[in-house]
Number of protein chains: 2
Amino acid sequence: MGVLSIVFLGVKNLAVTIEDVAREAGVSITTVSRVVNDNYPVKIETRQRVEEAIKRLNYRPNPIAVSLVRKTTNIIGVIVPGISNMYFSDVVSGIEKYLKEYDYDVFLVSEVKDAKSEKKYVNKFIDRFVDGLIVLDPKTENILSGFYSDVSKRIPLVLVNGYNEGIDLNFVISIQEKGFCEAMEYLINLGHKKIAFVRGEKSYSYDLKENIYKEYMNKIKSPYIIINTDDGNTIEVVKNTENKIAEINDRYRIGRDITAFCACNDLMAFGILNGCSNLGLSVPKDVSVVGFDNIMISEMSNPKLTTVDQNMKTLGKKAAELIVKTIKNENKKPQKVFVDTLLIKRESCALVK
Amino acid sequence: MGVLSIVFLGVKNLAVTIEDVAREAGVSITTVSRVVNDNYPVKIETRQRVEEAIKRLNYRPNPIAVSLVRKTTNIIGVIVPGISNMYFSDVVSGIEKYLKEYDYDVFLVSEVKDAKSEKKYVNKFIDRFVDGLIVLDPKTENILSGFYSDVSKRIPLVLVNGYNEGIDLNFVISIQEKGFCEAMEYLINLGHKKIAFVRGEKSYSYDLKENIYKEYMNKIKSPYIIINTDDGNTIEVVKNTENKIAEINDRYRIGRDITAFCACNDLMAFGILNGCSNLGLSVPKDVSVVGFDNIMISEMSNPKLTTVDQNMKTLGKKAAELIVKTIKNENKKPQKVFVDTLLIKRESCALVK
DNA sequence: CTGAAAGCGCTAACAC
DNA sequence: GTGTTAGCGCTTTCAG
């Protein structure tokens with residue numbers, strides 16, 4: 001094919017093969033393979049001839065063929081609910097930075113919204129022989145069903161922030177409870193009792209926070225006010241939440257019946273900010289708002305958002321470290337790595353009126 | 001392997017193969033292949049037996065083996081300079097949404113910063129037989145060197161927003177010139193003459209804007225003030241720009257020597273906003289700032305950012321449409337699709353003092 | 001040190 | 001309708 005390929009450009013798959021190189025160098029394909037992989041002794045002179053042939057023909061081994069026999073790819077698959085939530089893109093950045101140092105390629109699949117498609121993509125990655133798999137905010141359903149336990153038997157797996165009680169899998173977990181408790185206590189200490197909880201449709205971390213919210217509301221003997229925006233992981237949630245605020249203002253007089261909002265992520269918090277602004281309400285004078293995640297822009301909004309820092313870069317880095325360790329078989333037992341969270345007090349909360 | 005695989009869980013690659021299915025169903029592997037792909041007549045009764053065997057064994061065809069012979073994957077590769085710039089994540093969302101309708105999987109590679117690694121990933125995708133490739137903000141170098149021309153001969157390719165004068169390749173281009181001109185004119189009409197231009201290290205779109213900037217500055221006979229932050233496509237650019245503002249305040253008294261900033265993207269504009277705020281300067285009272293992209297948060301900053309809308313979702317959708325069309329061979333000739341841009345006037349600009 | 005040959009799991013002529 | 005077989009491009013015994 002060597003020369004032909006120049007002529008046939010435009011036709012698919014005229015790629016130079018190991019056979020072309022072998023012919024060009026006057027050796028067997030075995031020898032070519034050996035110099036490419038540098039895993040067997042080859043006479044230096046032969047090696048040179050092969051290397052020249054490779055250069056001359058611009059040969060690149062077909063990774064698909066390699067994978068078929070080797071069953072590895074040097075690729076780490078990452079599955080993300082939605083890249084447009086800056087929380088996730090930050091975690092991913094952390095993952096990528098670290099993994100590139102280790103010479104792994106990172107392939108990303110985003111917009112994975114439900115348990116079924118999550119499974120689908122996990123399987124696709126497995127079938128394509130990725131060397132490891134990192135799933136951000138895995139669906140509780142897939143954890144409880146044992147799906148991920150099975151997966152982890154076939155392939156190194158790291159889960160970031162999902163249902164993990166009594167689950168024996170690799171996890172990197174940010175201690176959301178802590179930050180969220182701080183947030184609730186902060187609000188309560190500010191004198192708030194009529195606190196609304198704003199969450200997205202379905203996610204372990206929303207449930208987790210909701211439970212804590214309820215505990216605190218029980219403690220201060222206040223009724224629950226739970227507001228549900230649909231998908232919480234796209235940028236669209238901002239608009240959705242904004243609209244929700246307008247809607248609920250019929251039932252609950254914001255500023256009176258609700259004096260504070262506690263949101264499951266910063267995007268929702270921004271929606272609340274906008275929604276209140278639309279109603280002519282001033283934050284934090286009329287209502288307090290606290291977010292979660294501490295995505296970068298939370299310190300740039302007006303007012304600057306009080307929120308809980310999740311340390312996304314660290315989360316990503318830890319996930320990357322853990323997957324590498326697992327691939328290298330350095331941790332025999334599944335491991336849970338914890339990352340701290342911290343309430344960041346800025347401008348969006350004030351004493352209740 | 002069928003039953004064995006249950007026993008051997010934990011060992012890699014004990015996956016069920018087409019042969020297992022064939023044996024289980026008492027047919028040849030060809031027949032299994034035919035029912036899997038549904039591309040040849042198979043007696044209904046045989047088909048059922050095969051389907052049952054597939055279900056029983058939980059067989060999934062090995063896509064690597066399939067790719068090796070078919071040379072396709074149903075995957076579209078997308079290459080992005082940095083996912084943490086919301087501009088890119090929005091474009092990607094647009095791409096993904098559309099492509100999923102067409103049943104393509106989208107694999108993303110992010111953090112591709114220089115021409116060399118851009119090439120590397122393009123080649124990796126090609127070698128893995130992706131059905132098409134979309135590159136966001138491709139490096140000028142790789143376009144001028146003819147690299148992408150070669151690529152487009154091997155595989156359907158769509159470039160989004162890069163150097164394209166006289167380049168005969170598929171492009172989706174947002175008419176940045178228009179929006180940027182509007183921005184410059186707006187500033188000038190507001191009476192500004194001492195306008196600083198803020199750009200990132202290296203990108204066609206920065207160069208494009210810089211040229212326009214220079215033209216306008218020539219026209220109003222003002223000297224150039226060009227500020228260079230390094231990488232413009234990560235969230236870090238905000239901090240970097242913020243620092244830069246502090247630095248330059250020695251040479252240029254901001255508010256006097258510079259009365260307006262024109263930034264290459266919204267992230268930089270935010271950095272400027274922060275930087276000015278640090279210096280005790282009020283935007284737009286003391287300085288005006290205009291951004292570019294109109295990422296969602298630009299309407300949530302304080303002050304709300306005046307910026308140029310790039311219509312990222314549309315950009316993504318058009319790129320997806322074009323790649324699908326190219327794969328289907330519906331456009332024989334490379335095509336350029338243009339997307340309009342528009343100045344959005346908000347709060348960050350005012351009449352010069 | 002080098003090569004022949006048997007696969008990896010699947011598709012697609014080609015026969016029957 | 002169904003099966004046989006020759007690959008796809010590479011790695012890896014096994015001989016030599």
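Lettering follows sequence order; numbering is per chain, from 1.
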Shortest side-chain distance from [X], nucleotide among [options]:
X       : options               : answer
B:Lys71 : D:dG9, C:dG3, D:dG1   : D:dG9
B:Thr17 : C:dC10, D:dT11, D:dG1 : C:dC10
B:Thr46 : D:dT11, C:dT2, D:dT2  : D:dT2
A:Lys43 : C:dG9, D:dG9, C:dT2   : C:dT2

[X] has an atom [atom1]; how far is it from atom [atom2] of [N], in whole Å?
X        : N      : atom1 : atom2 : answer
A:Arg128 : C:dC10 : CZ    : C1'   : 13 Å
A:Ile44  : C:dT2  : CD1   : P     : 11 Å
A:Ile64  : D:dC10 : CD1   : P     : 11 Å
A:Asn39  : C:dC1  : CG    : P     : 14 Å
A:Asn62  : D:dG7  : CG    : P     : 18 Å
A:Ile18  : D:dG7  : CD1   : C1'   : 16 Å
A:Phe129 : D:dT11 : CZ    : P     : 15 Å
A:Arg23  : D:dG9  : CZ    : P     : 12 Å

How many angstroms lie between CD1 in B:Ile126 and CG in B:Leu157, if you round to the nearest 0.5 Å?
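B:Ile126 atom CD1 to B:Leu157 atom CG measures 8.0 Å (nearest 0.5 Å).
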
What residues, two or more places apart in sequence or in another chain, satisfy side-chain contact (heavy atoms from CB on, under 4.5 Å) together with B:Ser145?
B:Phe147

When you match B:Ala65 and B:Tyr40 each to their closest nucleotide on DNA chain D, which lands nearer the 5' end?
B:Tyr40

On DNA chain D, nearest-nucleotide positions of B:Leu68 versus B:Gly26: which is more 5'?
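Mapping each residue to its closest nucleotide by heavy atoms, the 5'-most match is B:Gly26.
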
Looking only at side-chain N and O atoms, does [X] come under 4.0 Å of OP1 or OP2 in [N]?
X       : N      : value
A:Thr31 : C:dG3  : yes
B:Arg70 : C:dA12 : yes
A:Arg60 : D:dG9  : no
A:Ser33 : D:dC10 : no
B:Asn37 : C:dT11 : yes

For a quick check, tell me whether the side chain of B:Arg47 and the base of D:dG1 share a donor-acceptor pair closer than 3.5 Å.
no

Would you say the side chain of A:Thr30 and the base of C:dA4 hold a donor-acceptor pair, judged only by whether the two atoms sit under 3.5 Å apart?
yes

Of A:Ile29 and A:Arg49, the one whose closest nucleotide on DNA chain C sits nearer the 5' end is A:Arg49

Presence of salt bridge, A:Lys153 and A:Asp150, under 4.0 angstrom:
yes

Check: B:Asp20 side chain, B:Val16 main-chain N or O, donor-acceptor pair, under 3.5 Å
no

The single option from A:Leu108, A:Val160, A:Asp137 that satisfies side chain to side chain contact (heavy atoms under 4.5 Å, CB included) with A:Phe88 is A:Asp137

Do other residues, nucleotides or ligands put more than 12 heavy atoms under 6.0 Å from A:Lys317 NZ?
no

Under 4.0 Å between any heavy atoms, over every strand shown, what does B:Val27 touch: base, sugar-phosphate, or nothing? Just pick one.
sugar-phosphate

